[in-house]
Structures are given as C-alpha cells and as structure tokens.
Amino acid sequence: MPGTEDNPEIKRLRWRCRRGMRELDQLMLRYLDQRWPIAEDAERALFLQLLDCEDDKLWRWFMGRERPENAELDAIVTLIADLPA
C-alpha cells in the first residue's frame with residue numbers, strides 16, 4: 001500500500017494482523033493491502049471485529065469448517081477468502 005509506511009493506524013493494523021499462523025497472517029494482510037484503502041467504514045468495522053476473534057475460530061471459518069453466526073462476519077470472511085493472492 002503506497003504511502004502508508006509512516007501511517008500509525010496502518011502500522012497498528014499490520015501488527016494486529018499478525019496471527020499465530022502464517023496462513024492467517026497472509027489472509028489478514030491481503031485484506032489490509034487490497035481492501036482496507038477502498039473499504040467503507042462499516043466494512044472496516046467488521047474487519048476490526050474479526051481481528052478480535054481467536055485464531056482457531058478464524059482458521060475454522062476461513063477453511064470452511066464452520067461459519068460465523070453473524071451474517072456480516074460471514075460475509076467479510078468470504079470476501080477475504082476470495083481475495084486474489
């Protein structure tokens with residue numbers, strides 16, 4: 001994401017995107033790089049809510065073993081999983 005290297009908010013988010021698994025790191029950072037700059041406030045709020053979830057739960061969601069009960073969280077999980085690598 002050009003021009004964000006010195007942005008304190010992006011630095012904090014990058015740190016929060018670091019999870020216990022490299023695969024989750026990649027998914028979360030992919031969203032931060034590709035979608036965050038163009039996302040509306042509601043979508044950003046959902047992403048922040050997702051960052052508060054436990055890694056094992058996130059992994060089950062992204063692997064399709066479980067779905068979030070909250071339809072909005074389910075939608076952002078699908079959006080992130082479908083982002084190009």
Side-chain angles (χ1 to χ4, degrees):
M1 202 167 14
T4 60
E5 301 83 25
D6 296 326
N7 183 326
E9 177 188 23
I10 298 300
K11 284 183 178 182
R12 279 192 299 277
L13 287 172
R14 276 200 181 285
W15 183 254
R16 289 190 65 199
C17 286
R18 296 184 63 179
R19 313 307 289 194
M21 294 181 213
R22 182 173 34 128
E23 294 86 352
L24 284 177
D25 291 358
Q26 291 171 341
L27 286 166
M28 299 307 227
L29 289 170
R30 187 177 302 151
Y31 175 87
L32 188 62
D33 291 338
Q34 294 181 24
R35 285 289 303 181
W36 183 267
I38 59 172
E40 296 192 17
D41 289 342
E43 183 178 309
R44 287 182 174 194
L46 284 171
F47 181 70
L48 295 176
Q49 187 177 349
L50 204 59
L51 288 177
D52 289 334
C53 295
E54 297 175 9
D55 290 351
D56 61 330
K57 187 178 286 191
L58 289 172
W59 183 247
R60 289 191 305 269
W61 291 347
F62 282 114
M63 293 300 101
R65 294 187 180 127
E66 294 179 13
R67 303 304 307 174
E69 290 181 20
N70 179 310
E72 292 174 325
L73 280 181
D74 188 40
I76 196 161
V77 165
T78 300
L79 184 145
I80 293 170
D82 291 343
L83 286 172

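Heavy-atom minimum distance, Gly20 versus Asp55: N-OD2, 2.8 Å.
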Going by atom type alone, with no hydrogens or angles, which donor-acceptor pairs under 3.5 Å involve a side-chain atom of residues 45-54 and a protein atom two or more places apart or on another chain?
unit_1	atom_1	unit_2	atom_2	d
Asp52	OD1	Arg16	NH2	2.6

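Remark: Met63 CE to Leu58 CG distance equals 10.5 Å, nearest 0.5 Å. Rounded to the nearest 0.5 angstrom, Leu32 CG and Leu27 CG are separated by 12.5 Å. Interatomic distance, Trp59 CH2 to Arg19 CZ, rounded to the nearest 0.5 Å: 13.0 Å.
Salt-bridge check for Arg65 with Asp56: failed, with every basic side-chain N at 4.0 Å or more from each acidic carboxylate O.
Sorted by first and then second residue, the salt bridge (Lys or Arg N to Asp or Glu O under 4.0 Å) pairs with a member in residues 67-84 read Arg67-Asp74; sequence neighbours excluded.
When atom types are taken as modelled, the side chain of Arg44 and the backbone of Trp36 share a donor-acceptor pair closer than 3.5 angstrom. Using modelled atom types, one side-chain atom of Gln34 and one backbone atom of Pro84 make a donor-acceptor pair closer than 3.5 Å.
In this structure, Ile38 and Arg35 have side chains that are in contact, with non-hydrogen atoms separated by less than 4.5 Å. Inter-residue side-chain proximity for Ile76 and Glu43 is flagged as met; some heavy-atom pair is nearer than 4.5 Å. Two residues are said to be in side-chain contact when any heavy atoms from C-beta on lie closer than 4.5 Å; Met21 and Phe62 fail this criterion.
For Glu66, the side chain to side chain donor-acceptor pair (under 3.5 Å) criterion is met by Arg60, not counting sequence neighbours.
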